[in-house]
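FYI, the numbering just counts along the sequence from 1. Just so you know, ligand 1 is whichever comes first in the structure, and atom 1 is the first atom listed for that ligand.
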Amino acid sequence: MALLTPEDLEDLLNKLRQSNETIKASTGKGITEICEEVYGTRPASQKVAIVPITAGNGIIGNFSSSLLAITEYFGLEGYITDHPDITGYHQAVSDGADILLMADDHMFIAHNLKNGKIAANHICTGVIYSEIASRFIHAGSKDVMVIGLGRVGYAGAEHLVKKGFNVYAYDPNTEFMEKAIEELGVNAYDSADHKKFSMVFEATPNANTISEGMITDRCLISTPGIPCALPAELAENGDIDLVMEPLVIGAAAMLYSVF
Ligand SMILES: NC(=O)C1=CN([C@@H]2O[C@H](COP(=O)(O)OP(=O)(O)OC[C@H]3O[C@@H](n4cnc5c(N)ncnc54)[C@H](O)[C@@H]3O)[C@@H](O)[C@H]2O)C=CC1
Ligand SMILES: NCCC[C@@H](N)C(=O)NCCCC[C@H](N)C(=O)O
């Protein structure tokens with residue numbers, strides 16, 4: 001799995017504010033309203049402990065501080081434990097924290113110690129970004145293009161199918177394609193059909209995965225993928241709304257899913 005870098009997390013809250021303005025313009029609602037509707041929950045000043053984890057590639061310089069900023073943005077009482085790993089976990093539980101946030105190189109979780117709910121970042125990211133794509137107010141149909149059917153993409157495709165959207169998906173991994181067709185009933189995207197989409201959800205670790213032939217002139221591209229899926233020459237087109245940021249929207253969905 002591609003790991004975040006400190007550079008990815010620079011200027012995080014400004015990236016969120018920009019994304020949220022695009023989300024409001026494209027869907028009619030902001031990220032907090034959408035999270036409330038998707039999960040049926042609201043923040044209630046919960047105490048959130050962020051536990052740095054040294055496993056694997058170790059601590060990412062500004063990952064914990066970014067999570068702290070996110071908890072405060074959503075009106076929660078957040079703090080970073082004095083020590084990482086088990087010592088930090090013990091401190092958080094002893095302090096009576098309501099929710100724990102912690103990540104190793106494979107899983108990033110939110111665990112609500114009071115109600116037992118637990119959330120995984122890749123699932124929540126897939127759900128919330130695909131949800132955003134599906135709410136495009138200028139969409140002329142229920143067709144949604146899904147690019148990438150890995151941990152995040154599959155979760156998003158599943159969410160869209162459950163909501164009754166017509167999902168057209170592409171992933172060069174034939175095993176993932178066959179799984180999504182068999183288990184979710186998605187349509188295999190075929191560029192030869194020359195079908196264009198006004199709603200796109202992209203979740204790949206590659207740049208420029210979106211080509212001009214895939215999208216209508218006026219469209220919404222919702223992508224947690226790093227680096228950016230939209231080629232610069234297409235991004236200059238004023239009619240493309242792009243929702244893309246490295247951590248906050250997915251982390252917000254995790255918190256709302258465990259409130
Ligand atoms: N912004 C955020 O909050 C988050 C961002 N991410 C990012 O989302 C991306 C996806 O993460 P995962 O699903 O965990 O990765 P993954 O490795 O599980 O899945 C990626 C999938 O993309 C497919 N793919 C690669 N190139 C493609 C192309 N040109 N067209 C279609 N499919 C293509 C691969 O075959 C693979 O199935 C990564 O860049 C990751 O860093 C992940 C979690 C949260
Ligand atoms: N965008 C959300 C998905 C993040 C994920 N791609 C990642 O980089 N995970 C590694 C996080 C490692 C954190 C580290 N153990 C720490 O605690 O600082």
Query raised in the report: For ligand 2, which atoms have a heavy atom of D104 less than 4.0 angstrom away?
Result: 9 (N), 10 (C), 11 (C), 12 (C)
Query raised in the report: Is the cationic atom of K179 (NZ for Lys, CZ for Arg) positioned less than 6.0 Å from the six-membered ring centroid of Y154 and within 45 degrees of its normal?
Result: yes
Report summary line: At under 4.0 Å between heavy atoms, what of H122 touches ligand 1? The answer is neither
Query raised in the report: Quick one: does L100's side chain get under 4.5 Å of Y89's, heavy atoms only?
Result: yes
Query raised in the report: Would a line drawn from the ring center of F63 to the ring center of F108 be shorter than 6.0 Å?
Result: yes
Query - Ligand-side contact atoms (ligand 2) for residue partner A103, heavy atom cut-off under 4.0 Å - result: 11 (C), 12 (C), 13 (C), 14 (C), 15 (N), 17 (O)
Query raised in the report: Under 4.0 Å from any heavy atom of G150, which atoms of ligand 1 are there?
Result: 13 (O), 18 (O), 19 (O), 21 (C), 37 (O)
Requested in this report: Mark up the atoms of ligand 1 that fall under 4.0 Å of a heavy atom belonging to G148, in ascending order.
Outcome: 22 (O), 31 (C), 32 (N)
Query raised in the report: Under 3.5 Å between some N or O of ligand 1 and some N or O of R151?
Result: yes
Query - Polar proximity ligand 2 side, A55 side, N/O cut 3.5 Å exclusive - result: no
Query raised in the report: Rounded to the nearest 0.5 Å, what separation is found between the CZ atom of F201 and the CG atom of L160?
Result: 7.5 Å
Report summary line: Heavy-atom proximity to atom 42 (C) of ligand 1 ranks first, among T174, I249, V152, for V152
Report task. Consider every N or O of V51 and every N or O of ligand 2, then say whether any pair is closer than 3.5 Å. Result -> no
Requested in this report: Taking the six-membered ring of F259 (Phe, Tyr or Trp), confirm whether the NZ or CZ of K117 is under 6.0 Å from its centre and within 45° of its axis.
Outcome: no
Query - N173-ligand 1 polar pair, N/O distance under 3.5 Å - result: no
**Report entry** Donor-acceptor side-chain pairing of H83 and Q91 below 3.5 angstrom
**Finding:** no
Query raised in the report: Is there a donor-acceptor pair under 3.5 Å between the side chain of D190 and the backbone N or O of A192?
Result: yes
**Report entry** For P205, the ligand 1 atoms whose distance to one of its heavy atoms is below 4.0 Å
**Finding:** 20 (C), 22 (O), 39 (O)
Requested in this report: Please confirm whether Y129 comes within less than 3.5 Å of ligand 1 when only nitrogen or oxygen atoms on both sides are compared.
Outcome: no
Requested in this report: Take E245 and Y129 through the side chain to side chain donor-acceptor pair (under 3.5 Å) test and state the conclusion after the steps.
Outcome: CA-CA 10 Å; E245 65 72 48; Y129 273 91; 2.9 Å; yes
Query raised in the report: Looking at T209, which atoms of ligand 1 are within less than 4.0 Å of one of its heavy atoms?
Result: 28 (C), 29 (N)
**Report entry** Contact (N/O only, under 3.5 Å) between P246 and ligand 1
**Finding:** yes
Requested in this report: Determine the minimum heavy-atom distance between M199 and A133, stating which atoms define it.
Outcome: SD-O, 3.1 Å
Query raised in the report: Just how far is it from atom CD of E178 to atom CG of D171, taken to the nearest 0.5 Å?
Result: 11.5 Å
Report task. Flag L149 as yes when one of its N or O atoms lies below 3.5 Å from any N or O atom of ligand 1, and as no otherwise. Result -> no
Requested in this report: Can you sort out which atoms of ligand 2 are near A2, meaning under 4.0 Å from one of its heavy atoms?
Outcome: 6 (N)
Requested in this report: Output yes when a side-chain donor or acceptor of N62 lies under 3.5 Å from a complementary backbone atom of S65, and no otherwise.
Outcome: no
Query raised in the report: Measuring from I99:CD1 to I118:CD1, what's the distance to the nearest 0.5 Å?
Result: 12.0 Å
Query raised in the report: Counting both backbone and side chain atoms, is some N or O of P224 under 3.5 Å from an N or O of ligand 1?
Result: yes
Query raised in the report: Backbone or side chain, does any N or O of I226 fall under 3.5 Å from an N or O of ligand 1?
Result: yes
Query raised in the report: Side chain or backbone of N206 under 4.0 Å from ligand 1, or both, or neither, by non-hydrogen atoms?
Result: side chain
Query raised in the report: Counting heavy atoms only, which of F176, F108, Y170, Y189 is nearest atom 30 (N) of ligand 1?
Result: Y170
Report task. Return the option from D171, N208, L247 holding the heavy atom at the smallest distance from atom 21 (C) of ligand 1. Result -> D171
Report task. Report, in ascending order of atom number, the atoms of ligand 1 lying under 4.0 Å from any heavy atom of I147. Result -> 30 (N), 31 (C)
Query raised in the report: With the threshold set at 4.0 Å, does a side-chain nitrogen-carboxylate oxygen contact exist between D217 and K196?
Result: no
Query raised in the report: For ligand 2, which atoms have a heavy atom of G58 less than 4.0 angstrom away?
Result: 14 (C), 15 (N)
Query raised in the report: Is it the side chain (CB and beyond), the backbone, both or neither of T125 that lies under 4.0 Å from ligand 1, heavy atoms counted?
Result: side chain
Report summary line: Under 4.0 Å from one or more heavy atoms of P52, ligand 2 contributes atoms 17 (O)
Report task. Kindly confirm or rule out an N or O of L247 lying under 3.5 angstrom from an N or O of ligand 2. Result -> no
Query - N/O separation below 3.5 Å, L4 to ligand 2 - result: yes
Query - Test of proximity, N121 against ligand 1: N or O pairs below 3.5 Å - result: no
